[in-house]
Undergrad: 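The structure's right below; bear with me while I get my questions together.
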Amino acid sequence: MAIQPSVLVLNGPNLNLLGTREPHIYGSETLDDIEASCQETAARLGLDIDFRQSNHEGELVTWIQEARGEHDAILINAGAYSHTSIAILDALQAVDLPVVEVHLSNIFRREPFRHHSHVSTVARGVICGFGSHGYILALEAVARLIDAPGAA
Ligand code: CA2
């Protein structure tokens, strides 16, 4: 069987707490639930995914750097680092892979400090406000961008 395109799915700080607190903002699913739906979607789309979470900016930067030659695209919810991290922005720029950004909440309906995302300045597109379903929509967008076998 042919090798399938591979997508690195990165989740930033505090997203490991999903499903335990603030369900009115982030929904009641855990990050494991989201990974399971992403794996199902990836199988349908003919993609491999490598799904990870870190609370550490440097670890996310290292994973982005290491994606070169290993993955075909990056899907990222950088959490609060979206709004603050030039280091993650620089790494995404340097790796030169298509980037799709996702947020569970609609960051534009929230506090003004969430309205700007450094990640958005390098992303091919952004999906926000649809809760965990946003990850599915984002994977479908990635599949199209990289011509995955099951892309619509
Ligand atoms: O809406 C999103 O996906 C965010 O990236 C989530 C980040 C937030 O800083 C961004 O502005 C928008 C926060 C993730 C924190 O997740 C928690 C989950 C449960 C309990 C507490 C925090």
Side-chain angles (χ1 to χ4, degrees), residues 6-45 47-67 70-146 148 151:
S6 170
V7 181
L8 178 61
V9 183
L10 288 182
N11 295 279
N14 296 309
L15 287 161
N16 55 313
L17 299 177
L18 286 176
T20 62
R21 299 166 59 185
E22 309 210 58
H24 56 293
I25 304 177
Y26 299 119
S28 53
E29 284 184 82
T30 65
L31 197 59
D32 282 348
D33 295 333
I34 294 177
E35 175 171 8
S37 339
C38 284
Q39 292 289 2
E40 256 177 50
T41 303
R44 166 169 66 79
L45 295 170
L47 291 172
D48 284 334
I49 59 168
D50 182 354
F51 192 99
R52 304 186 194 179
Q53 187 273 334
S54 178
N55 291 325
H56 303 278
E57 186 176 21
E59 188 163 42
L60 291 161
V61 167
T62 299
W63 287 345
I64 293 166
Q65 290 177 3
E66 290 173 353
E70 290 293 313
H71 301 288
D72 300 290
I74 297 176
L75 170 53
I76 184 166
N77 181 353
Y81 286 146
S82 315
H83 317 301
T84 62
S85 177
I86 308 293
I88 288 175
L89 166 63
D90 285 346
L92 289 170
Q93 242 157 10
V95 75
D96 202 25
L97 289 172
V99 173
V100 173
E101 178 179 14
V102 64
H103 294 282
L104 295 155
S105 60
N106 181 350
I107 56 175
F108 302 102
R109 288 184 68 175
R110 301 184 63 194
E111 307 93 322
F113 62 81
R114 295 187 204 272
H115 295 182
H116 179 266
S117 162
H118 294 293
V119 173
S120 302
T121 67
V122 288
R124 297 282 289 271
V126 183
I127 290 172
C128 76
F130 297 106
S132 60
H133 185 57
Y135 281 72
I136 307 307
L137 297 172
L139 272 177
E140 284 170 351
V142 169
R144 227 183 227 229
L145 282 177
I146 63 177

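Basis for what follows: all heavy atoms, side chains included, without hydrogens, waters or symmetry-related copies. We count ligands from 1, going down the list as the structure has it; atoms in each ligand are counted the same way. The structure presented is a predicted model; accordingly, all values stated were derived computationally and were not measured.
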Undergrad: Counting heavy atoms only, name the option from Asn16, Ile107, Asn106, Leu104 that's nearest to atom 3 (O) of ligand 1.
TA: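 Selected option, by shortest heavy-atom distance: Leu104.
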Undergrad: May I ask you to list the atoms of ligand 1 that are less than 4.0 angstrom from any heavy atom of His83?
TA: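 The list of qualifying atoms is 10 (C), 11 (O).
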Undergrad: Where is the tightest heavy-atom contact between Ala138 and Leu75, given as atom of each residue plus distance?
TA: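 In this case the closest contact between Ala138 and Leu75 is CB-CD1, 3.4 Å.
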Undergrad: Measuring only between side-chain heavy atoms, which start at C-beta, is Val100 closer than 4.5 Å to Val7?
TA: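 Not in contact.
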Undergrad: Are the side chain of Glu140 and the backbone N or O of Ala151 linked by a donor-acceptor pair below 3.5 Å?
TA: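 No: the side chain of Glu140 does not pair with the backbone of Ala151.
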Undergrad: Among all the protein's non-hydrogen atoms, which is closest to atom 1 (O) of ligand 1, and how far away is it?
TA: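 Going by distance alone, atom 1 (O) of ligand 1 is nearest to Ser105 OG, 2.5 Å.
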Undergrad: Less than 3.5 Å between some nitrogen or oxygen of Leu17 and one of ligand 1, yes or no?
TA: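 Checking ligand 1 against Leu17, no N or O pair falls under 3.5 Å apart.
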Undergrad: Can Val61 and Ile88 be said to form a side-chain contact (heavy atoms from CB on, under 4.5 Å), step by step?
TA: CA-CA 6 Å; Val61 167; Ile88 288 175; 4.0 Å; yes
Undergrad: Tell me: protein heavy atom nearest atom 13 (C) of ligand 1, and distance?
TA: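 Here the nearest protein heavy atom works out to Tyr26 OH, 3.4 Å.
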Undergrad: Look at atom 4 (C) of ligand 1 and say which protein heavy atom is nearest, naming residue and atom and giving the distance to 0.1 Å.
TA: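 Of the protein heavy atoms, His103 ND1, 3.6 Å lies nearest.
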Undergrad: For ligand 1, is any non-hydrogen atom under 4.0 Å from Arg114's backbone (N, CA, C, O), its side chain (CB onward), both, or neither?
TA: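 It is the side chain that gets close, since no backbone atom is under 4.0 Å.
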Undergrad: Distance alone, cut at 3.5 Å: any donor-acceptor contact between the side chains of Tyr135 and Asn11?
TA: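 There is such a pair (donor and acceptor under 3.5 Å, judged by atom type) between the side chains of Tyr135 and Asn11.
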Undergrad: With atoms numbered from 1 as shown, which atoms in ligand 1 lie under 4.0 angstrom from a non-hydrogen atom of Leu15?
TA: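 Those of ligand 1 that fall under 4.0 Å from Leu15 are 14 (C).
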Undergrad: Can His116 and Thr121 be said to form a side-chain contact (heavy atoms from CB on, under 4.5 Å), step by step?
TA: CA-CA 9 Å; His116 179 266; Thr121 67; 4.3 Å; yes
Undergrad: Heavy-atom contacts with Arg21 under 4.0 Å: which atoms of ligand 1 show up? List them by number with element.
TA: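 In order of number, 19 (C), 20 (C).
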Undergrad: Mind checking whether Asn14 contacts ligand 1 via backbone (N, CA, C, O), side chain (CB onward), both or neither, at a 4.0 Å heavy-atom cut-off?
TA: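 Under 4.0 Å from ligand 1, Asn14 contributes backbone and side-chain atoms.
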Undergrad: Have a look at ligand 1 and work out which part of Glu22, if any, has a heavy atom under 4.0 Å from it: side chain, backbone, both or neither.
TA: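 The answer is the side chain of Glu22.
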Undergrad: For Arg110, I'd like to know if atom CZ has over 12 heavy atoms of other residues, nucleotides or ligands within 6.0 Å.
TA: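 Yes, the 6.0 Å shell around CZ holds more than 12 heavy atoms from other groups.
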Undergrad: Within a distance under 4.0 Å of any heavy atom of Ala80, pick out the atoms of ligand 1 and give their elements.
TA: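 Result: 9 (O).
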Undergrad: Please determine whether the number of non-hydrogen atoms from other residues, nucleotides or ligands lying under 6.0 Å from atom CZ of Arg124 exceeds 12.
TA: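 No.
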